[in-house]
Amino acid sequence: MPQWGCDDQSVNVVSGGSADAAFIVEMARHVCVIEDWPLPDSGDEDVQSVLPSRDDMSLIAVDDRGDNVGAVWTFCHQPPLLTGTDGSPLPEIAIAVVPGRRGVGIGGVLLDEMFTRATGTFTALSLNVHQRNPARHLYERKGFQLAGQGRGALGLAMVRALP
């Protein structure tokens, strides 16, 4: 279990499983909200559309107290956000950190571990981010590049190649 330091705390990143389903749904609600808007319901169509399937990769950040503090996962959306040079859909990722724990490095730790685990399985990862989402700067620092229009009028599609 990889352990990473985030400011004054350590975070373990573990593979998500069926016991983490409720936490993933809660994180998906955060993925689907525009900053300062109310969270959508767990049954909302947008929330349901970003949930991982059993075949997708999901990772959970767990703090020293054993609390889940963030998650990142792959999922397949129809239609796909981006396609590769061969026309095949690129896997999309969703990532969220619990409110109150943002801005201390947990998102970066989750992305780094996703890149490590996804290398050799995928050639690239994509994501959709709202223009106003401050996490956009994290994604750029972690190697994501603007790839075009994302979902919605203010969505940006980003892509990161994997070795």
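Computed from heavy atoms alone, side chains included, the values below leave out hydrogens, waters and symmetry copies.
M27 has its side chain out of reach of I60: every pair of non-hydrogen atoms, C-beta onward, lies at least 4.5 Å apart. Looking at D44 and C32, their side chains never come closer than 4.5 Å, going by heavy atoms from C-beta outward. The shortest side-chain heavy-atom distance between N68 and V98 does not fall under the 4.5 Å cut-off.
Rounding to the nearest 0.5 Å gives a distance of 12.5 Å between CG of L59 and CG of N12. Atom OG1 of T74 sits about 4.5 Å away from atom CZ of F122, to the nearest 0.5 Å.
Legend: residues meeting side chain to side chain contact (heavy atoms under 4.5 Å, CB included) with A94, ordered by chain and number and at least two apart, are V31, W73, F75. Among residues two or more places apart in sequence or in another chain, the salt bridge (Lys or Arg N to Asp or Glu O under 4.0 Å) test is passed with R102 by none. Residues passing the side chain to side chain contact (heavy atoms under 4.5 Å, CB included) test with R141 are H137, L138, sequence neighbours excluded. With sequence neighbours excluded, the residues forming a salt bridge (Lys or Arg N to Asp or Glu O under 4.0 Å) with R65 are D63, D67, listed by chain and number. For Q149, there are no side chain to side chain donor-acceptor pair (under 3.5 Å) partners, not counting sequence neighbours. Every residue two or more places apart in sequence or in another chain was checked for a side chain to side chain contact (heavy atoms under 4.5 Å, CB included) with P38, and none qualifies. In this structure Q145 satisfies the side chain to side chain donor-acceptor pair (under 3.5 Å) test with no other residue, sequence neighbours excluded. T85 is linked by a side chain to side chain contact (heavy atoms under 4.5 Å, CB included) to nothing, counting only residues two or more places apart in sequence or in another chain. Residues satisfying the ring pair (Phe, Tyr, Trp, His ring centres under 6.0 Å) criterion with F115, sequence neighbours excluded, are F144.
One hydrophobic cluster, built from ILVMFWY side chains closer than 4.5 Å, cannot hold both L90 and L51; they sit in different ones. Neither L82 nor V129 shares a network with the other; the hydrophobic side chains, linked directly or stepwise wherever heavy atoms of I, L, V, M, F, W or Y lie under 4.5 Å apart, form separate groups for each. Hydrophobic clustering of Ile, Leu, Val, Met, Phe, Trp and Tyr side chains at less than 4.5 Å, counting indirect connections, keeps L81 apart from M57.
Side chain to side chain, S88 and D86 meet the donor-acceptor criterion of an N or O pair below 3.5 Å. A side-chain donor-acceptor contact under 3.5 Å links S53 and D56.
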Exercise. After noting the C-alpha distance and the side-chain angles of I93 and L111, does the key distance pass the side chain to side chain contact (heavy atoms under 4.5 Å, CB included) rule?
Worked result: CA-CA 9 Å; I93 64 166; L111 288 172; 3.6 Å; yes
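Residue R132 places its CZ atom among more than 12 non-hydrogen atoms of other residues, nucleotides or ligands, all under 6.0 Å distant.
Annotation: ring pair (Phe, Tyr, Trp, His ring centres under 6.0 Å) contacts involving residues 78-111, sequence neighbours excluded, are absent.
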Distance-only check: which donor-acceptor pairs under 3.5 Å involve side-chain atoms of residues 150-163, not counting sequence neighbours?
from, atom 1, to, atom 2, distance (Å)
R151, NE, H77, ND1, 3.4
R151, NH1, E92, OE1, 3.2
R151, NH1, E92, OE2, 2.7
R151, NH2, H77, ND1, 3.2
R151, NH2, E92, OE1, 2.8
R160, NE, K142, O, 2.6

Throw together a table of side-chain donor-acceptor distances under 3.5 angstrom for residues 13-25, partners on residues two or more places apart or in other chains.
from, atom 1, to, atom 2, distance (Å)
S15, OG, R117, NH1, 2.6
D20, OD2, G17, N, 2.9

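Closest approach of V33 to P40, counting heavy atoms only: CB-CD, 4.1 Å. Across A96 and H30, no two heavy atoms sit closer than the pair CB-CB, 4.1 Å.
In this structure, N133 contributes its side chain and A135 its backbone to a donor-acceptor pair below 3.5 Å.
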